There are 2 protein chains.
Amino acid sequence: MAPSKSESAYRLLHEKITEGTFTPGYRLVLGAIAAELGCSVVPVREAIRRLEAEGLVTFERNVGAMVAAADMTLYLHTMQTLAIIEGAATALSAPFIDADQLAAARSINQAMADLLVDFDAVRFTELNNEFHQVLYRNCPNPHILELVQRGWNRLAAMRSSSFTHIPGRARESVKEHANLLDLIEANAPAAQIEQAARAHRTTTLNAYLAAANLPASPL
Amino acid sequence: MAPSKSESAYRLLHEKITEGTFTPGYRLVLGAIAAELGCSVVPVREAIRRLEAEGLVTFERNVGAMVAAADMTLYLHTMQTLAIIEGAATALSAPFIDADQLAAARSINQAMADLLVDFDAVRFTELNNEFHQVLYRNCPNPHILELVQRGWNRLAAMRSSSFTHIPGRARESVKEHANLLDLIEANAPAAQIEQAARAHRTTTLNAYLAAANLPASPL
DNA sequence: TCACACTAGATCGTATACGATTTCATACAC
DNA sequence: GTGTATGAAATCGTATACGATCTAGTGTGA
């Protein structure tokens with residue numbers, strides 16, 4: 001069956017926000033979106049409420065909705081949250097990763113390594129997403145999986161506003177990925193995998209914090 | 001200004017679900033709720049969409065919404081998620097807990113200890129909530145704080161369907177609380193506080209898992 | 001008895017309409 | 001020039017209405 005109009009509106013907005021078409025601060029005017037979708041405002045309102053609950057949109061009464069604003073603080077808080085959740089997701093997922101998935105992850109990481117010589121940030125980010133998805137996808141706890149996904153979405157929505165690139169981070173990242181794969185392949189203890197997966201993201205976070213003259217994350 | 005009807009509907013439903021008036025499986029019929037609130041169905045639909053995104057209700061097209069069903073698996077997954085998030089929240093919060101708050105927490109824990117001789121599960125749960133709130137309230141990361149709150153809400157919504165009580169757990173719990181407070185007072189490293197706070201919840205989780213002949217949580 | 005078609009009632013999904021509120025530009029007073 | 005009143009346009013909030021869809025109950029035939 002065709003999706004409901006409310007569902008279509010939700011998907012459209014979700015995609016435009018996470019893809020970066022609608023950047024932070026972009027106003028979501030009910031009438032305009034309804035017109036674009038060829039529907040009335042009621043389903044659009046519902047879609048916006050859902051996006052609001054996911055943190056992608058902020059909503060003010062009698063004023064309207066806009067794509068959630070992004071500043072450095074918010075971005076870093078989101079990264080910190082994701083570090084924690086994704087670390088757990090990866091550790092819980094690890095025992096269920098089979099040989100094929102491991103091979104796929106290694107191959108993605110190789111592609112990332114190849115990209116280092118002629119760097120393409122967009123492609124690198126894409127591959128990075130794929131890599132991590134393979135790692136946490138088997139997590140048997142659906143709540144955690146959902147939170148990881150939301151974290152990525154929020155980060156994606158904010159990434160459009162360009163943050164300074166951390167020099168040398170890409171190269172480190174590839175190495176950390178390889179290390180993570182080794183731990184998983186060796187059936188390392190969950191706590192160790194969690195620690196490594198979390199640290200992988202925290203390192204980036206701390207680089208940003210250092211650049212802003214802020215203390216490192218304690219976790 | 002008076003809250004919008006959509007907001008009122010959201011609050012009403014949220015409260016009834018987390019307070020246990022509406023138990024898992026309870027059908028949320030749009031017309032009935034609208035009538036109870038003295039409004040039309042449009043604001044109610046919005047409220048339900050938000051609750052859906054928070055995981056408190058499930059929604060099926062052309063069928064309607066109901067309070068999210070609760071089975072043991074779901075309950076345990078939620079506990080596991082909360083263990084991870086709350087552990088982090090408590091650790092991040094710890095450096096910002098002042099002497100007054102620490103004293104308040106100790107006093108709440110003492111009240112819990114006093115309750116052990118003439119046990120009252122409802123009151124004990126209330127105090128437990130208060131205790132943990134004091135511990136994670138100062139967490140400077142608003143995303144994490146929000147996730148903790150949502151986790152508690154989901155758990156509260158499910159608790160109504162009575163799960164077996166773990167014998168002796170209350171006494172252990174009070175001891176673990178005291179230990180946690182000592183760590184915080186001594187400015188223990190964040191990782192250690194996180195570990196202790198997480199373990200506090202994981203112990204309960206594992207007791208349930210053991211009772212169901214399932215393996216313990218790896219984290 | 002069981003399976004299936006059918007009907008009536010309940011409930012949902014969304015368009016439309018209109019009052020309420022905010023925003024923004026303009027005009028005026030100081 | 002700065003600040004404040006004013007009014008129009010934009011936008012929101014919600015009631016109402018009605019077609020679409022589901023559910024459950026009833027009857028019919030195998």
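So that the names make sense, note that chain A is the first sequence line, chain B the second, and so on, each numbered from 1. Below, each value reflects all heavy atoms present in this structure, side chains not excepted, and no hydrogens, waters or symmetry copies. Just so it is clear, the structure is predicted and the values come from calculations on it, not from any experiment.
The existence of a salt bridge linking B/Arg11 and B/Glu15 is excluded, since no basic side-chain nitrogen approaches an acidic carboxylate oxygen closer than 4.0 Å.
Looking at B/Tyr10 and B/Glu54, their side chains do bring a donor and an acceptor atom within 3.5 Å of each other. A donor atom on one side chain and an acceptor atom on the other are not found under 3.5 Å apart for A/Arg50 and A/His14. Side-chain atoms of B/Gln101 and B/Asn138 form a donor-acceptor pair, as typed in the model, at a separation below 3.5 Å. A/Arg49 and B/Ser6 share a donor-acceptor pair across their side chains, judged by distance under 3.5 Å alone. Under 3.5 Å, the side chains of B/Ser93 and B/Arg137 contain no donor-acceptor pair of N or O atoms. For B/Asn141 and A/His77, the side-chain atoms include no donor-acceptor pair closer than 3.5 Å.
Remark: A/Cys39, A/Ser40, A/Val42, A/Pro43 in residues 29-44 of chain A come within less than 4.0 Å of DNA chain C through at least one heavy atom. Heavy-atom distances under 4.0 Å link DNA chain D to no residue of residues 45-55 of chain B.
Protein atom CG of A/Leu28 is 16 Å distant from nucleotide atom C1' of D/dA10, rounded to whole Å. Going from atom NZ of B/Lys5 over to atom P of D/dT14 covers 7 Å, rounded to whole Å.
The aromatic rings of B/Phe22 and B/Tyr26 lie parallel to each other, with less than 30° between the two planes, well short of the 60° mark.
Exactly one of B/Glu172, B/His177, B/Glu86 qualifies for a side chain to side chain donor-acceptor pair (under 3.5 Å) with B/His200. That residue is B/His177.
Geometrically, A/Arg201 engages A/Trp152 in a cation-pi contact, judged by NZ or CZ lying under 6.0 Å from the ring centre and within 45° of the ring axis.
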I'd like a list of close polar pairs between nucleotides 21-24 of chain C and the protein, N/O only, cut-off under 3.5 Å.
{"from": "C/dT21", "atom 1": "O3'", "to": "A/Asn62", "atom 2": "ND2", "distance (Å)": "3.3"}

